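Here's the structure, in C-alpha cells; my notes come after.
Naming: A, B, ... by sequence-line order, numbering from 1 per chain. Scope of the values below: all heavy atoms of this structure, side chains included, with no hydrogens, waters or symmetry mates. Small disclaimer: the values here were computed from a predicted structure and weren't measured.
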Amino acid sequence: MKDAIDAGIRAALDAAQQSGALDAFDIADTGIERPADPANGEYTSTVAMRSAKLARKAPRAIAEAIVAHLPEMGGVDRVEVAGPGFINFHLSKASANDVFNQVRAQGADFGRSTFGGGTKVQVEFISANPVGPMHIGHGRWAALGDSLCNVMEHAGYDVQREYYINDHGSQMDVFGSSIAVRYLQLVELMGEGATLDEAKEALVADREASLDEAALAEEEGREADAARFPFTAAFNDALGGNAYGGDYVVDLAARFIELDGDSLAELPDDERIASFRERGYRMMLDSIRETCHEARCDFDVWFSERSLYVPDEDGKDAVHRAFDQLAAMGHTYTTDDGALWFRSTSFGDDKDRVLVKSNGEYTYFASDVAYHWNKFQRVDHVIDIWGADHHGYIKRVDSACEALGYPGRFEVLLGQLVNLLRGGEAVRMSKRKGTMVTFDELLAEVGCDATRYTLVSKSSNQMIDFDIELVKRQDNTNPVYYVQYAHARICSILRRAAGVTFEQAQELGMDEVAQMAVGSRADVSLLVDETEAALARKLSEFSSLIEASARDRAPFRLTHYAEELAAQFHSFYTVCHVLPREGYPIDEDLSRARLAACDATRRVLALTLSLIGVSAPERM
RNA sequence: GCUCCUAUAGCUCAGCUGGAUAGAGCGUCGGACUUCUAAUCCGAGGGUCGGGGGUUCGAAUCCCUCUGGGAGCACCA
C-alpha cells in the first residue's frame with residue numbers, strides 16, 4: 001500500500017507540474033509515514049513540507065495541488081490536507097483490514113522481507129572464555145545476539161551464528177594450574193583423613209573467610225591478614241595472584257578426585273597441569289554449550305582460537321596469512337627488541353599495537369587479527385557483540401579489518417553491562433552463602449521466558465538492573481506474562497469456536513484449530529469497531545518493524561511491539577464479543593471475521609515471541 | 001587528560017534516523033466480572049525532554065558547550 005501511495009504522489013506531482021499548478025522540481029523522498037493519531041488516516045505524506053523550499057510555495061498550497069492531481073487509487077477512501085501540509089490517506093475498511101487475511105495466509109512468513117538482500121552476515125556473540133561458567137552478562141549477549149540473528153534472518157539476511165572459543169592464550173595454563181593447586185590441596189586434606197566433601201568445604205570456607213577479611217580490611221583502611229587463611233594464601237602464592245579463584249575450580253578439582261583418585265598427584269607438574277587444562281576446558285565448554293541451549297540459543301559455528309595456529313595444507317596458519325596480508329600492504333614493522341607491530345595509527349588508532357611480543361609470544365590481538373581475516377574468508381559482513389568494557393578495543397580491530405582490505409564490513413554492537421540484584425541488593429557471588437548465580441542457575445530459577453524477555457527488552461546501550469525477585473514475579477508488573485496471556489486468551493477462544501478441548505488442540509496444532517474455527521472465508525470488511533481498526537493498524541506495522549529492528553540492530557523493539565499488540569487485543573476483547581452467546585447474539589459472518597482477526601493476532605504474537613526466543617503458551 | 005554509553009512522568013523505559021497535542025508499563029486514585037481466561041479493561045492525575053546556545057517551515061531527535069551517572073584507556077586475555 002505504501003508503494004502505491006508513493007507512486008500516486010509521484011504521478012500527481014508530475015501531472016501538477018505539467019499543468020503548471022506547480023513549478024518543476026524533483027523530490028527524492030515522498031516522506032510517507034504512519035500517523036500517530038488514527039484520526040489522521042492510515043498513511044500520511046510530508047512531501048509538501050519537504051518540497052516547500054524547492055517549489056517556492058507554501059506547503060499547504062503544494063499539498064492542495066498534489067491532491068487535486070492525484071489519480072484514482074484502489075483501497076483509498078479519502079484524501080485530505082491537514083495541519084501545516086500533511087496529505088492524509090484514509091483507507092477503506094476492506095483495504096485496511098486485509099492485513100488479517102494476509103497474516104493468516106502467510107503464517108510464520110508474515111513480515112519477511114528482502115531488505116537484507118541475502119547478504120551473508122556473521123554474528124559472533126557470548127564467546128565467554130572456557131575457563132568458568134556463564135554469568136548474567138553472557139546471558140544478555142545470548143538474548144541480544146540470538147534475537148538479532150532471528151530478526152535479521154526474517155529481514156532477508158543470510159545469518160551465521162558464531163561462538164569464538166578463547167582456548168589458546170596463557171589464561172588456559174593459569175586455568176589448568178588453578179585446578180592443579182586445588183587438586184593437590186584436596187589430596188593433602190584427604191591424606192589427613194578428611195572426606196572429599198569435608199576437604200572441599202575446608203577450601204571454600206577458607207576462601208570465603210579471606211574475602212570477608214579483605215573486604216573488612218579495605219573498609220578499615222589496613223592491610224589484610226592473608227596468613228590467617230592458609231589454603232587461600234598457598235593458592236595465591238603458587239599462582240602469583242594470577243589465578244581462577246572461583247569456587248567452581250574447587251568443584252572441578254573435586255570431580256577429578258572422583259574420576260582419578262589421587263593418582264595425578266604423582267605426575268610431573270606440567271603433565272598434571274596440562275591434563276587438568278585440557279579436561280577442565282572440555283568440561284567448561286560442554287557446560288557453556290548446554291547453558292546456551294537451555295537459553296534457546298544454538299550456534300552454527302564454534303570457532304576455536306587454537307585453529308588459527310594450525311597450518312593448512314600449504315603449511316601456513318591463519319595468523320601468518322593475516323600477518324602476510326598486513327605486511328604486503330606495508331602495515332607492519334619490527335622494532336629492535338624483536339616485537340612485531342601493526343601500524344594501526346594509520347587508521348586513526350591512538351597508538352600502534354603489538355602482534356608478536358619481544359619474547360616471541362603472540363598477543364591476544366594477533367589472534368583477533370587472524371580471526372577477523374578468517375571471518376572475511378567466509379562471510380560478507382561481520383557483527384561482533386561485545387560488552388561495553390571492551391569498547392577501547394574496537395578501533396584496533398576495525399583498523400585491522402580495514403588494513404586487511406575489508407573496510408566498512410566490520411561492525412561492533414556494544415552492549416552495556418548488567419547488574420544482578422535480588423530484592424534491590426547487589427548479588428555477591430558466593431556459593432557458600434547461597435548467592436552464587438551463574439546463568440544456568442538463573443535460567444533454572446527464573447525461567448527462560450522471563451529471563452530472555454527481560455534481557456532483550458532494553459536497548460543494548462542501556463544498562464540493565466536485573467532484579468531476580470522482580471523478574472520472577474508472575475503478575476502484571478511483568479510484561480512477558482501480559483503478552484503471553486493475550487496469546488493464551490486467543491487460543492482459548494479459537495478452541496471454543498472449533499469445539500475442541502485443550503488436549504485435542506495440542507494434537508491438532510493451533511493453525512488447524514483456527515482453520516476449523518474460521519472456515520474457508522471471512523469478510524474482514526465487517527470489522528468496523530475502533531479497536532478492530534487499531535488491531536489491523538498494529539498488525540500492518542509489523543513488516544516495517546522487522547526491517548527497522550534489523551537495520552538498527554535493535555531487537556528490543558520487538559518486545560515493545562508485542563506489548564502494544566497484546567494491549568490492542570485486550571482492548572478489542574473487552575469491547576467486541578467474538579462468539580455468540582446468550583444475551584449477546586452476533587451475526588455469524590461478523591463472528592467469523594472476528595475469529596479471523598483473533599487468529600491473525602495470535603500468529604503475529606507467536607511469531608514476535610519466537611523471534612525473541614520466548615514461548616507462546618496456549619493456556620495459562 | 002582522552003574515548004564510548006547515558007540523562008524524557010514518582011520508578012523503569014519508548015519515541016521508528018527532524019513532523020501534527022511528547023507516549024507506554026509499574027506505582028497512586030476512581031470505576032468495570034452471574035457473560036468467549038480479571039495475569040484483563042476503562043478513566044484520572046503526573047513533564048522547563050539535565051542546563052545554555054545554534055541550525056530551519058518545524059528539534060526530545062541534528063551541531064556546539066557545560067553538568068551529573070556508568071564503562072574503558074597493557075608487549076593481560
Closest nucleotide among B:rU17, B:rA77, B:rU37 to the A:Asp552 side chain: B:rU17

field: Check against salt bridge (charged side-chain N to carboxylate O under 4.0 Å, His left out), A:Arg537 and A:Glu541
entry: CA-CA 7 Å; A:Arg537 195 159 42 238; A:Glu541 283 172 19; 5.9 Å; no

message: Counting only side-chain heavy atoms from C-beta out, which of B:rU40, B:rA39, B:rU17 sits nearest to A:Thr574?
response: B:rU40

message: Taking any heavy-atom pair under 4.0 Å as a contact, classify A:Arg557: base, sugar-phosphate, or nothing.
response: sugar-phosphate

- prompt: So what does A:Ser571 hit on the nucleic acid, given a heavy-atom distance under 4.0 Å: a base, only sugar-phosphate, or nothing?
  reply: sugar-phosphate

query: Could you state the OH-C1' distance from A:Tyr453 to B:rA14, rounded to the nearest angstrom?
result: 12 Å

- request: From the options B:rA71, B:rA39, B:rC41, select the nucleotide whose nearest atom is closest to the side chain of A:Asp389.
  value: B:rA71

task: Under 4.0 Å between any heavy atoms, over every strand shown, what does A:Asn359 touch: base, sugar-phosphate, or nothing? Just pick one.
output: nothing

- request: Examine the base of B:rC36 for any acceptor or donor lying under 3.5 Å from a partner atom in the side chain of A:Ser492, and report the outcome as yes or no.
  value: no

task: Choose from B:rG19, B:rA71, B:rA77 the nucleotide whose nearest atom is closest to any side-chain atom of A:Thr46.
output: B:rG19

query: Among side-chain atoms of A:His570 and A:Arg489, is any donor-acceptor pair under 3.5 angstrom?
result: yes

message: Does A:Arg277 qualify as a cation-pi partner of A:Phe175, given the criterion of NZ or CZ under 6.0 Å from the six-membered ring centre and within 45 degrees of its axis?
response: no

For RNA chain B, stems built from three or more consecutive Watson-Crick or G-U wobble pairs below 3.5 Å: B:1-7 with B:67-73, B:10-13 with B:23-26, B:28-32 with B:40-44, B:50-54 with B:62-66

message: Going by the rule side-chain contact (heavy atoms from CB on, under 4.5 Å), which residues pair with A:Leu239 if we only count those two or more places apart in sequence or in a different chain?
response: A:Ser177, A:Ser178, A:Val181, A:Phe235, A:Ala243

query: With a non-hydrogen cut-off below 4.0 angstrom, is A:Lys351 in contact with a base, only sugar-phosphate, or nothing?
result: sugar-phosphate

message: I'd like to check, for A:Tyr482, whether its ring lies over the base of B:rG25 with centroids under 5.5 Å apart and a plane angle smaller than 30°.
response: no

message: Counting only heavy atoms and a strict 4.0 angstrom limit, can you tell me which residues of residues 459-479 of chain A come near RNA chain B?
response: A:Ser459, A:Asn461, A:Gln462, A:Met463, A:Gln474, A:Asn476, A:Thr477

- request: Would you mind classifying the nucleic acid contact of A:Asn88 as base, sugar-phosphate or nothing, using non-hydrogen atoms under 4.0 angstrom?
  value: base

field: Whole-Å distance separating the CD atom of A:Glu563 from the P atom of B:rC16
entry: 17 Å

message: Measuring from the side chain of A:Tyr485 (C-beta onward, heavy atoms only), which nucleotide among B:rA39, B:rU17, B:rG19 has the closest atom?
response: B:rA39

message: Can you confirm whether more than 12 heavy atoms, excluding those of A:Lys2, are under 6.0 Å from its NZ atom?
response: no

task: Round to the nearest Å and state the distance from A:Lys395 atom NZ to B:rC73 atom C1'.
output: 15 Å

- prompt: Please give, in whole Å, the distance from B:rC42 P to A:Tyr573 OH?
  reply: 14 Å

A:Tyr309 and A:His168 aromatic ring geometry - parallel, tilted or perpendicular at 30°/60° bounds: parallel

task: Please tell me which of the listed nucleotides, B:rA77, B:rC75, B:rG19, lies nearest to the side chain of A:Val354?
output: B:rC75

- request: Identify which nucleotide among B:rC75, B:rC16, B:rU37 has an atom closest to any side-chain atom of A:Arg495, counting heavy atoms from C-beta outward.
  value: B:rU37

message: Mind checking if A:His577 touches a base, just sugar-phosphate, or nothing, with heavy atoms under 4.0 Å?
response: base

query: Taking N and O atoms by type only, does the side chain of A:Thr44 place a donor or acceptor under 3.5 Å from a partner on the base of B:rA20?
result: yes

message: In whole Å, I'd like the distance from the CZ atom of A:Arg396 to the C1' atom of B:rC75.
response: 12 Å

message: Considering every strand and a 4.0 Å limit on heavy-atom distances, what is the contact class for A:Phe556: base, sugar-phosphate, or nothing?
response: sugar-phosphate

- prompt: Do the ring planes of A:Phe542 and A:Phe110 sit parallel (below 30°), tilted (30 to 60°) or perpendicular (above 60°)?
  reply: parallel

task: Rounded to whole angstrom, note down the P distance from B:rA59 over to B:rA20.
output: 11 Å

field: Euclidean distance, atom CD of residue A:Gln568 to atom P of B:rC41 [Å, nearest integer]
entry: 11 Å

query: Sequence neighbours excluded, which residues qualify as side-chain hydrogen bond (donor to acceptor under 3.5 Å, both in side chains) partners of A:Glu564?
result: A:Lys538

query: Touch check for A:Cys576, heavy atoms < 4.0 angstrom, all strands: base, sugar-phosphate only, or nothing?
result: base

task: Starting at atom NZ of A:Lys538, determine the distance to atom P of B:rA24, rounded to an integer number of angstrom.
output: 11 Å

statement: With the side chain defined as heavy atoms from C-beta on, A:His391 is closest, among B:rC76, B:rA71, B:rU37, to B:rA71

- prompt: Just checking A:Leu414: base, sugar-phosphate only, or nothing, at a heavy-atom cut-off of under 4.0 Å?
  reply: sugar-phosphate

- prompt: NA contact type, A:Glu618, heavy-atom cut-off 4.0 Å: base, sugar-phosphate, or nothing?
  reply: base

message: Among residues at least two apart in sequence or on other chains, which ones pass side-chain hydrogen bond (donor to acceptor under 3.5 Å, both in side chains) with A:Asp398?
response: none

message: What contact category does A:Ala388 fall into here, base, sugar-phosphate, or nothing, at under 4.0 angstrom with non-hydrogen atoms?
response: sugar-phosphate

- prompt: Please walk me through it: do A:Asp350 and A:Lys395 pass side-chain contact (heavy atoms from CB on, under 4.5 Å)?
  reply: CA-CA 9 Å; A:Asp350 298 333; A:Lys395 189 67 211 173; over 6 Å; no

- request: Taking syn as within 90° of 0 and anti otherwise, name the glycosidic form of B:rC5.
  value: anti

query: Is A:Ser170 touching bases, backbone alone, or none of the nucleic acid, heavy atoms closer than 4.0 Å?
result: sugar-phosphate

statement: Separation of B:rC75 atom P from A:Asp337 atom CG, nearest Å, is 12 Å

field: Partners meeting side-chain contact (heavy atoms from CB on, under 4.5 Å) with A:Glu411 (sequence neighbours left out)
entry: A:His381, A:Ile383, A:Arg553

message: What I want to check is whether the side chains of A:Ser540 and A:Arg34 have a donor and an acceptor closer together than 3.5 Å.
response: yes

